[in-house]
There are 2 protein chains.
Amino acid sequence: MPATSTPSGGAPRVLGHPSRDAIRLEDVLHALADPVRLGIVLVLDEAEGECSCSVFDAPVSKSTLTHHFRVLREHGVITQAYRGTAKMNALRRDDLEDLFPGLLDTVLTAARRQAAAGLGAGAGAAATGATSRS
Amino acid sequence: MPATSTPSGGAPRVLGHPSRDAIRLEDVLHALADPVRLGIVLVLDEAEGECSCSVFDAPVSKSTLTHHFRVLREHGVITQAYRGTAKMNALRRDDLEDLFPGLLDTVLTAARRQAAAGLGAGAGAAATGATSRS
DNA sequence: CGCGAAGTACGATAGGTCTCGTACATTCGT
DNA sequence: ACGAATGTACGAGACCTATCGTACTTCGCG
């Protein structure tokens, strides 16, 4: 895939990620405070690697999903890279762990625990997060 | 303090707090995602007990401060109780720890670390004091 | 009882976020 | 080259949030 030629007027194929130092705790918390995004991060965490944008169970449209991914990326929670028509996502575990030790893990654990507790009514599915909104 | 009597047209002297089961992770995260509130929680954590509403260095007006305290309370992060003209605030450490083990501690540690790393352009939440935790 | 202090309520305002649908761009396979 | 698949951009709309100022209530004190 030699880049035959950069399209003159195409959309930017380059994705901007914040540097490690630019990641703010408030932003990460904010990013994680949304049920949809929390679900995404949950899935990404279990995937432990790359993940396409469209394997999520979120009850939102594609546009909205794109929006959430962007928020996650711009707030330093995930990295994204193009791979053909798909876009691979991955958690920035190293950066996050270095900046806020244990944070991601703790939040994710709490999220799983809450999801499990909230499913007390018998449903057994659901590892994919995305709990319903308030 | 005897509850003299409910004034006919006065503000409710009773403060509603969510029950432990009603506390949602997303809400807590959201509450913590604001710099002002994070600063409040930081101070409250160091106070380890009660704390008046007006000992904060937040660069906001009193009304706004009240608003933030309410958000914190309604999202299950703190408890509030009247004591004369003052209102005492305290973290709901037990409930939070029971629901989301380690979360509060991790977030607070991360906040202190970030504050220490980015000193200079203070975002408002002063609260730079003893770094040692009990 | 009147005054000051602490905090709340309410209204207003500016800005953000979440959601969507539709139109468009880019890549892959045939 | 064409079509399908994946994802983006761009409005637009509804809702929520953060902020403020001012008026008000309640409490403690002299």
Side-chain angles (χ1 to χ4, degrees), chain A residues 1-16 26-27 29-40 50-56 58-75 78 80-89 130-134, chain B residues 1-16 26-27 29-40 50-56 58-75 78 80-89 123-125:
Chain A
M1 55 33 182
T4 40
S5 67
T6 315
S8 34
R13 289 282 99 178
V14 56
L15 298 166
E26 301 89 343
D27 290 340
L29 255 21
H30 190 165
L32 262 26
D34 184 282
V36 175
R37 289 193 290 261
L38 192 54
I40 290 174
E50 307 187 325
C51 216
S52 142
C53 268
S54 52
V55 298
F56 301 96
V60 293
S61 71
K62 228 159 38 163
S63 308
T64 305
L65 212 46
T66 296
H67 162 69
H68 284 307
F69 272 108
R70 184 195 313 214
V71 171
L72 247 15
R73 188 188 75 233
E74 292 183 341
H75 289 194
I78 66 171
Q80 293 185 293
Y82 287 101
R83 195 193 160 183
T85 66
K87 191 155 73 170
M88 293 295 129
N89 307 279
T131 59
S132 48
R133 227 186 172 297
S134 59
Chain B
M1 66 238 18
T4 38
S5 64
T6 317
S8 33
R13 289 280 103 178
V14 55
L15 297 166
E26 301 88 342
D27 291 339
L29 256 20
H30 192 160
L32 263 25
D34 185 282
V36 176
R37 289 193 291 260
L38 192 54
I40 291 174
E50 307 187 326
C51 215
S52 142
C53 268
S54 53
V55 298
F56 301 96
V60 294
S61 70
K62 225 158 41 162
S63 308
T64 306
L65 211 46
T66 297
H67 162 69
H68 284 308
F69 273 108
R70 184 197 314 219
V71 171
L72 247 16
R73 187 189 75 233
E74 291 184 342
H75 287 0
I78 66 172
Q80 293 185 294
Y82 288 101
R83 195 195 159 182
T85 66
K87 190 155 73 170
M88 293 297 129
N89 306 279

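Naming: A, B, ... by sequence-line order, numbering from 1 per chain.
- Counting all heavy atoms, side chain and backbone alike, A:Val36 lies closest to A:Val60 at CG2-CG1, 4.3 Å.
- The heavy-atom pair separating A:Leu15 from A:Gln80 by the smallest distance is CD1-O, 3.5 Å.
- Contact between B:Leu29 and A:Leu32 at its shortest, heavy atoms only, is CD2-O, 3.7 Å.
- Shown for residues 62-72 of chain B: residues whose heavy atoms fall under 4.0 angstrom of DNA chain D, namely B:Ser63, B:Thr64, B:His67, B:His68.
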Listed pairs, N/O of protein and of nucleotides 13-16 of chain C, under 3.5 Å:
none

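- Heavy-atom minimum distance, A:Ala58 versus A:Leu65: CB-CD1, 4.0 Å.
- Taking CG from A:Asn89 and CG from A:Leu72, the interatomic distance works out to 8.5 Å, rounded to the nearest 0.5 Å.
- Contact of the A:Glu26 side chain with the B:Arg37 side chain is not registered, since no non-hydrogen atoms from C-beta on lie closer than 4.5 Å.
- The side chain of A:Ser52 lies closest to D:dG7, out of D:dG7, C:dC18, C:dC20.
- Under the 30°/60° scheme for interplanar angles, the aromatic rings of B:His75 and B:His30 are found to be tilted.
- In this structure, CG of B:Asp34 is placed 15 Å from C1' of C:dT17, rounded to the nearest angstrom.
- As rounded to whole Å, 12 Å separates atom C1' of D:dC27 from atom OH of B:Tyr82.
- One finds a side-chain N or O of A:Ser61 lying less than 4.0 angstrom from the OP1 or OP2 phosphate oxygen of C:dC20.
- Among all heavy-atom pairs drawn from B:Arg73 and B:Gly16, the shortest one is NE-O, 3.3 Å.
- Residue B:Arg83 is out of contact with every strand shown, counting any heavy-atom pair closer than 4.0 Å.
- Atom CD in B:Glu26 sits about 13 Å away from atom P in C:dC18, given to the nearest Å.
- Computed from coordinates, the B:Gln80 CD to C:dA6 P distance equals 16 Å when rounded to whole Å.
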Fill in the blank from the handout: Writing each nucleotide of DNA chain C 5' to 3' as (, ), [, ], | or . by Watson-Crick or G-U pairing under 3.5 Å yields ||||||||||||||||||||||||||||||
